[in-house]
Amino acid sequence: MSDLADRAHDGSIPLAERLRPKTLAEVIGQPKLLGDGKPLRAAFESGRPHSMILWGPPGTGKTTLARLMADAFDAQFIAISAVLGGVKEIREAVEQARVAQGMGRRTIVFVDEVHRFNKAQQDAFLPHVESGLFTFIGATTENPAFEVNSALLSRATVHVLEPLGDAELAELIERGRALLAAPSLDAAARTRLIAYADGDARRLLNTYENVAAVATGAGRDAIDEPFLEQTLGEQLRRYDKGGDQFYDAISALHKSVRGSDPDASLYWFVRMLDGGVDPRYVARRLVRMASEDIGLADPRALRLALDAAETYERLGSPEGELALAEAVVYLAVAPKSNAVYRAYNAVRAFVAKDTSRPVPLHLRNAPTRLAKQLDHGKGYRYAHDEAGGFAAGERYLPDGVDEVFYRPVERGMEIKIAEKLEALRRENAERPAVRKPG
């Protein structure tokens, strides 16, 4: 903590920067990467850096890890912003790396927001990564499978960083409070601030620094929730993940879609985004709604929901949110059926309480001579060789199981599915199974 205390006095530096870890031991979070025996921990301990893509949401430590790696290996650290930089900055980094190499020193080139570089700019790194001139570290908030060239991706290991957990953010608040000698947060205010941060350490610390400054100026001994709301105002309008408000909102969206109300569906969708819910979470819920509440009444709904989720992954916010809105409206106005959902649950319940019935002999696989001698597959009727491509009268359920699990509703495509199934059942009744010799 002495190093942290030394940095506390320069008030011109943002709190998030003053608290940036200087050693691996100071890092909070990312146990899947930095725990004992985990990939990045092993890289630090081996003394052999490797090119990598650090993929994760903002404020999870991507820049910090890159800087720590340079320090750990006594490497020259060159940072390039893909937002502000271009080929000129890449060429300058190459020249600096060559000078360092001539002096026997390693170089780490860190590219922030690497997904913003175009293909030509990303390709400019390839020969130098291959030659070992420098170690390349790219940071991105976007899916590298979509946003990073495959050639560069194949030469770098992708490490996924996760949002910081509540306990980790609480520890950061305590570090910040110690640095600032600021008033303490009561439990409700701390919980609200952590929810607002949404796993982003930088957002947490920047916000806390502002609140602490106001509180200190007002001569307050403590920061409570009303003061937090008064200070942050509209900024604080976020959902408490895991709290009632979050689950109430997703419930309202789901029920509005199920109830075929596109206006209410859009309203709750936007309310969730406005409250700070990750659009990816909403995308996953839309895929679930397409399966549970629309099903085969409109099979296109599932594909459209998946396409919307993929579009968001490619575009991000705010552009990708329109694709999700399109999916919300489509699901709301689509014909509804939970027939597959009910059938699936019914089969699960049946199998859970039933015995493990044997597979009928004619349905068994017969890849060996012994299996054939045991009559596996004997008498199986190949549907494509039958009239209409249907082996009328054939049984596919185990003996003694005669339940009808799937019952289509009279809506959308399931109207035609029901008609088809009824016709097939009539054929089954009229043409009993006649087995051909195996």
Side-chain angles (χ1 to χ4, degrees), residues 7 10 12-14 16-18 20-24 26-27 33-34 39-56 58-161 202:
R7 284 177 269 160
D10 191 350
S12 65
I13 300 175
E17 185 62 31
R18 283 184 275 166
R20 188 184 296 278
K22 292 296 186 182
T23 67
L24 202 58
E26 291 181 10
V27 174
L33 294 178
L34 298 174
L40 279 185
R41 169 73 67 174
F44 275 96
E45 293 176 348
S46 70
R48 299 178 61 185
H50 59 269
S51 291
M52 66 186 74
I53 303 291
L54 300 176
W55 174 28
T60 51
K62 298 183 290 293
T63 302
T64 293
L65 288 175
R67 289 183 179 277
L68 287 177
M69 190 159 287
D71 292 342
F73 304 125
D74 190 28
Q76 176 181 220
F77 184 80
I78 301 174
I80 300 174
S81 168
V83 176
L84 303 175
V87 173
K88 175 178 176 289
E89 284 71 21
I90 296 173
R91 288 174 179 164
E92 291 175 352
V94 170
E95 289 305 313
Q96 293 176 48
R98 284 177 177 153
V99 171
Q101 188 180 55
M103 300 172 63
R105 193 180 182 199
R106 293 170 171 166
T107 295
I108 288 179
V109 175
F110 173 70
V111 181
D112 195 18
E113 298 192 80
V114 65
H115 59 276
R116 294 184 180 272
F117 269 160
N118 61 33
K119 183 179 185 301
Q121 291 167 324
Q122 292 184 25
D123 284 346
F125 293 104
L126 293 177
H128 310 298
V129 172
E130 286 188 334
S131 70
L133 176 63
F134 53 71
T135 298
F136 173 84
I137 300 180
T140 179
T141 57
E142 306 296 329
N143 189 335
F146 296 136
E147 305 296 341
V148 179
N149 289 352
S150 58
L152 184 57
L153 201 58
S154 68
R155 293 162 174 80
T157 302
V158 176
H159 295 299
V160 180
L161 283 75
R202 188 183 302 107

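Both backbone and side-chain heavy atoms feed into the values below; hydrogens, waters and symmetry mates do not.
Contact annotation: the side chain of R20 approaches that of T63 to within less than 4.5 Å [non-hydrogen atoms, C-beta and beyond]. Looking at heavy atoms from C-beta onward, L40 lies in side-chain contact with M52 at the 4.5 angstrom threshold. Residues W55 and L161 have side chains not in contact (no heavy-atom distance under 4.5 Å, counting atoms from C-beta outward). Looking only at side-chain heavy atoms (C-beta outward), E113 and K62 stay at 4.5 Å or farther from each other. Residues R105 and D74 have side chains in contact (heavy-atom distance under 4.5 Å, counting atoms from C-beta outward). Side-chain contact between D71 and F77 is absent, with no heavy atoms from C-beta onward closer than 4.5 Å. Side-chain contact check for L65 versus L34: some heavy-atom pair is nearer than 4.5 Å. Counting only heavy atoms from C-beta outward, the side chains of Q96 and V109 never approach each other to under 4.5 Å.
Heavy atoms only, all atoms of each residue included: A66 and F110 are closest at CB-CD1, 3.4 Å. The two residues I53 and P144 have their closest heavy-atom pair at CG2-CB, 4.2 Å. When every heavy atom of Q101 is checked against every heavy atom of G132, the shortest pair comes out as NE2-O, 4.3 Å. Across all non-hydrogen atoms, the minimal contact from P21 to L68 is O-CD2, 3.7 Å. Between R202 and G59, the shortest heavy-atom distance links the atoms NH1-N, 3.6 Å. The nearest pair of heavy atoms linking T107 to A100 is OG1-CB, 3.5 Å.
Between the CG atom of L152 and the CZ atom of R155 there is a distance of 8.0 Å, given to the nearest 0.5 Å. In this structure, OG1 on T64 lies 11.0 Å from CG on L24, to the nearest 0.5 angstrom. The distance from the CD1 atom of I137 to the NE2 atom of H50 is 8.0 Å, given to the nearest 0.5 Å. Once rounded to the nearest 0.5 Å, the distance linking CE of M69 with CG of L54 reads 7.5 Å. Summarising the geometry, atom CZ belonging to F117 is positioned 4.5 Å from atom CD1 belonging to I90; distances are rounded to the nearest 0.5 Å.
Listed for the Q122 side chain is a donor-acceptor partner under 3.5 Å among the backbone atoms of E147. Side chain of E45 to main chain of A42: no donor-acceptor pair is present (N/O by atom type, distance under 3.5 Å, no hydrogens or angles). In this structure, R18 contributes its side chain and I13 its backbone to a donor-acceptor pair below 3.5 Å.
Applying the salt bridge (charged side-chain N to carboxylate O under 4.0 Å, His left out) criterion to D123, with sequence neighbours excluded, gives K119. Under the ring-ring contact (aromatic ring centres under 6.0 Å, His included) criterion, F136 pairs with F125, not counting sequence neighbours.
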Task: Evaluation steps, side-chain contact (heavy atoms from CB on, under 4.5 Å), between V129 and F134 - done: CA-CA 6 Å; V129 172; F134 53 71; 4.0 Å; yes
Open item on the list: Evaluate R98 against H128 for side-chain contact (heavy atoms from CB on, under 4.5 Å), listing each step before the verdict.
Closed with: CA-CA 10 Å; R98 284 177 177 153; H128 310 298; 3.8 Å; yes
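Listed by first and then second residue, the side-chain hydrogen bond (donor to acceptor under 3.5 Å, both in side chains) pairs that reach into residues 131-144 are H115-T140, sequence neighbours excluded.
With respect to the salt-bridge test (charged N to carboxylate O, under 4.0 angstrom), the residues K88 and E92 qualify.
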